[in-house]
Every structure is written in structure tokens, then in C-alpha cells.
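One-based numbering, in listed order, for ligands and for the atoms of each. Predicted, not measured: the structure shown is a model, and the values here were computed from it.
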Amino acid sequence: MQETCVVLGGAGFIGSHLVDRLVEDHGFHVVVIDNESTGSFANLARWRGSDTVRMVAADITEPLPEDRFGVRDAAVIFQMASPASPIHYRRLSLETLLVNSVGTLHALHWARELGARVVLASTSEVYGDPEVSPQTEEYWGHVNPVGPRSCYDESKRFGEALAMEWHRRHGLDVRILRFFNCYGPRMQMDDGRVVPNFVAQALRGEPLTVYGDGAQTRSFCYVSDEVEAIVRAGMRDHLGGRIINVGNPEEHTILEFAEMVARVAGVPLQTVRAELPVDDPTNRCPDISRAEELLGWRPQVALEDGLARTIADFRARGAAT
Ligand code: UDP
């Protein structure tokens with residue numbers, strides 16, 4: 001019998017790429033649970049009607065159903081369910097707080113029943129506006145607990161604390177991954193993050209909206225690299241209770257990034273300044289030594305190559321019109 005994995009939030013951007021990889025490269029049967037609040041089962045259209053991927057429209061913040069969605073055993077539960085774009089998590093602030101706390105609690109409880117591992121998607125946002133660079137997993141962060149981003153930052157931090165207590169108290173095998181900025185095909189074109197905004201604007205011949213002076217930095221990891229790290233974190237033994245940064249350590253200012261998007265899209269660079277959002281982190285760059293050591297992983301896809309693939313995907317989905 002095929003082994004099963006459960007992917008909570010598997011209809012989302014990263015989640016759906018993870019589902020593809022688990023099926024295609026590792027032969028798993030996958031149960032996807034998603035309420036399509038920011039994802040869409042359309043991302044998994046190729047699996048419709050297959051026995052290999054089962055899609056369940058449900059909200060993981062609701063109590064788990066008695067029949068546990070018909071899942072009788074599973075090797076890994078991947079908790080990937082949460083809005084992730086700043087504009088989405090502000091719009092869905094209470095839902096974000098709940099999915100990363102109550103939703104994660106349900107994931108942990110369910111995994112314990114099943115004897116499954118948990119891979120918990122956390123975020124570099126737990127570091128807030130960091131005072132050290134690059135950020136190692138030991139850094140405790142510099143986070144505004146009550147600002148407009150706190151629904152995301154603090155619920156992810158709570159989710160980490162909860163997962164670690166389930167590991168300590170119940171011996172649950174939990175692996176926590178802190179994702180830095182990730183990008184690639186299937187990002188929603190209007191999701192408001194810098195990659196979709198700049199790519200869609202470049203393809204429409206519009207100026208790129210640079211928030212603030214554009215001197216803030218980010219480090220962008222292509223989604224196929226990201227998914228490789230997630231799968232390794234789920235498959236390798238002896239990682240219970242480990243926390244691992246997952247991201248690309250190549251750091252760019254937002255202005256440099258705007259130039260690169262225009263160049264790769266083959267359009268002249270035009271920018272327009274807009275207000276810097278409150279609590280926008282000034283820098284973000286992962287130290288990935290731990291991922292290299294524990295997962296044997298480092299990103300392989302250069303930013304220009306990943307951007308070219310993302311631009312092609314946005315073109316194919318009609319971004320230029
Ligand atoms: N940003 C920008 N223009 C945009 C969207 C975002 O200059 O149209 C900036 C934003 O202020 C931040 C960085 O790009 O400094 C990354 O923002 P994003 O929303 O992608 O995610 P974050 O890393 O802040 O969670």
C-alpha cells in the first residue's frame with residue numbers, strides 16, 4: 001500500500017508544489033486539506049480524478065471530524081496552511097491568528113493519534129526586524145507584538161512554542177522550518193508581495209512600486225529549492241525538535257531586485273515610490289548552515305533563472321494583458 005502524507009494548506013502556492021513533488025518523486029498518496037482562503041484547488045487541477053491526491057475542502061481551525069477525513073495512517077503531516085502575503089494576512093488577521101495556533105494544535109493532536117511526524121511551516125517573520133544579519137536559528141528576534149504584522153509573526157511564534165511543547169511533553173516528532181521569501185510559478189498575480197507585484201507590473205509596462213527608499217533587503221528562494229528542503233525535512237530521521245532556516249542566502253535590496261526584474265522581463269526599468277508599510281523589516285538574510293548540515297541542502301536555482309521561469313508562468317496566465 002502507498003504511504004500517505006497529509007498536506008494542510010496543500011492548495012496554496014508552496015503547498016501545491018509540495019504535493020506534486022511528494023507524488024511524482026516519492027510515490028506518496030497525499031490528502032490535501034485546504035479551505036481555499038488564499039490557495040485554490042485549481043493549483044492541483046492535474047490531480048483531479050486521480051486516486052493519488054485526495055482534496056478535501058475543510059478549515060483546519062474547526063474541530064477535527066470524528067472520521068479524521070477518512071485518514072487511517074500517515075507518515076507525515078505538513079502544516080502549510082496560513083495566509084502568507086502581508087496584504088492577505090492583514091485582511092485575514094483573525095483567521096491567520098487562528099490557523100497558526102488552533103490549526104497547528106489540531107495538526108499536532110492528529111499527528112500524535114496517527115504516530116506521524118509533523119513538518120511545521122514557520123517563517124523568517126519570527127525574527128521581526130532583525131538586529132543581526134544573517135539570521136541564525138539561535139536569534140530570538142525583534143518583533144512588534146501588537147503591530148499590523150503581529151497576527152502573522154506572533155501566531156507563527158506561538159505555533160513554534162506549541163510544537164516544541166508537544167515535542168518535549170509528548171515526544172512528538174516535530175520539525176520546524178523557518179521559510180524566508182519564496183517565489184515562483186503559481187503565486188497569485190495579485191497577492192501583493194514584491195515578486196508578483198514587480199513581475200505583473202513589468203509585464204503590463206507599468207512602473208514598479210518600490211516601497212520606501214528600496215534599500216531594505218530580502219533573499220529570494222525559488223519554490224523548487226524550497227520544496228526540496230521541505231521534503232528532506234519530512235523524510236530524514238532524527239530531526240525531531242529541530243528548527244531549520246530555509247531560504248536563499250543571496251541578499252538583494254529591493255531596488256536591485258526591481259532592476260533585475262525589469263532586465264529579465266526585457267523592459268526598461270521604471271519605478272514609482274510608495275509608502276513603506278509599518279514594521280516592514282529592513283533586512284532579511286538566512287544563515288543556512290544548519291540546513292546544509294542536517295538536510296544536505298542548499299538552493300540550486302539562481303535568482304535570474306527562477307525569475308525567468310516565474311515571468312514565463314505569469315505571461316502564460318495572461319499577466320501582460
Ligand atoms: N515591496 C515593494 N513593492 C511592492 C511590494 C513589496 O517595495 O510592490 C517591498 C516590501 O516593502 C518589503 C519587500 O518588498 O520590504 C518584500 O515584501 P513582501 O510583501 O514580498 O514580503 P515580506 O518580505 O515583507 O513579508
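Protein heavy atom at the shortest distance from atom 25 (O) of ligand 1 is R149 NH2, 3.1 Å. For atom 16 (C) of ligand 1, the closest non-hydrogen atom of the protein is R218 NE, 3.6 Å. At the top of the distance list for atom 11 (O) of ligand 1, counting protein heavy atoms only, stands D280 OD2, 2.7 Å. Remark: minimum distance from atom 1 (N) of ligand 1 to any protein heavy atom is reached at Y211 CD1, 3.4 Å. Looking at atom 13 (C) of ligand 1, its nearest protein heavy atom turns out to be I254 CD1, 3.6 Å. The nearest protein atom to atom 3 (N) of ligand 1, hydrogens excluded, is given as T209 O, 2.5 Å; this is a heavy-atom distance. Nearest protein heavy-atom contact of atom 20 (O) of ligand 1 is V194 N, 2.8 Å.
For the pair R149 and Y152, the cation does not sit on the ring face, since its NZ or CZ is not both under 6.0 Å from the ring centre and inside 45° of the axis.
Within the set M187, Q201, Q216, H88, the minimum heavy-atom distance to atom 9 (C) of ligand 1 is found for Q216.
At a heavy-atom distance under 4.0 Å, no atom of E275 approaches ligand 1. Heavy atoms of P277 found under 4.0 angstrom from ligand 1 belong exclusively to the side chain. Contact annotation for N181 and ligand 1: only side-chain heavy atoms (C-beta onward) come within less than 4.0 Å of the ligand.
Residues N100 and Y89 bring no donor and acceptor atom of their side chains to less than 3.5 Å of each other. Side chain to side chain, W297 and D225 fail the donor-acceptor criterion of an N or O pair below 3.5 Å. Side-chain contact check for T4 and H29: at least one donor-acceptor pair (N or O, by modelled atom type) lies under 3.5 Å.
Applying the 6.0 Å contact sphere to NE2 of H26 captures more than 12 heavy atoms from other residues, nucleotides or ligands.
With M187 as the fixed residue, the side chain to side chain contact (heavy atoms under 4.5 Å, CB included) test singles out one of I14, V195, T310: V195. Tested against R284 for a side chain to side chain donor-acceptor pair (under 3.5 Å), the candidates D129, T217, N181 yield a single pass: N181.
Here's the thing with R193: none of its N/O atoms is less than 3.5 angstrom from an N/O atom of ligand 1. The distance criterion of under 3.5 Å between nitrogen or oxygen atoms is not met by F198 with respect to ligand 1.
Under a 4.0 Å criterion applied to the non-hydrogen atoms of N197, ligand 1 contributes the atoms 4 (C), 5 (C), 8 (O).
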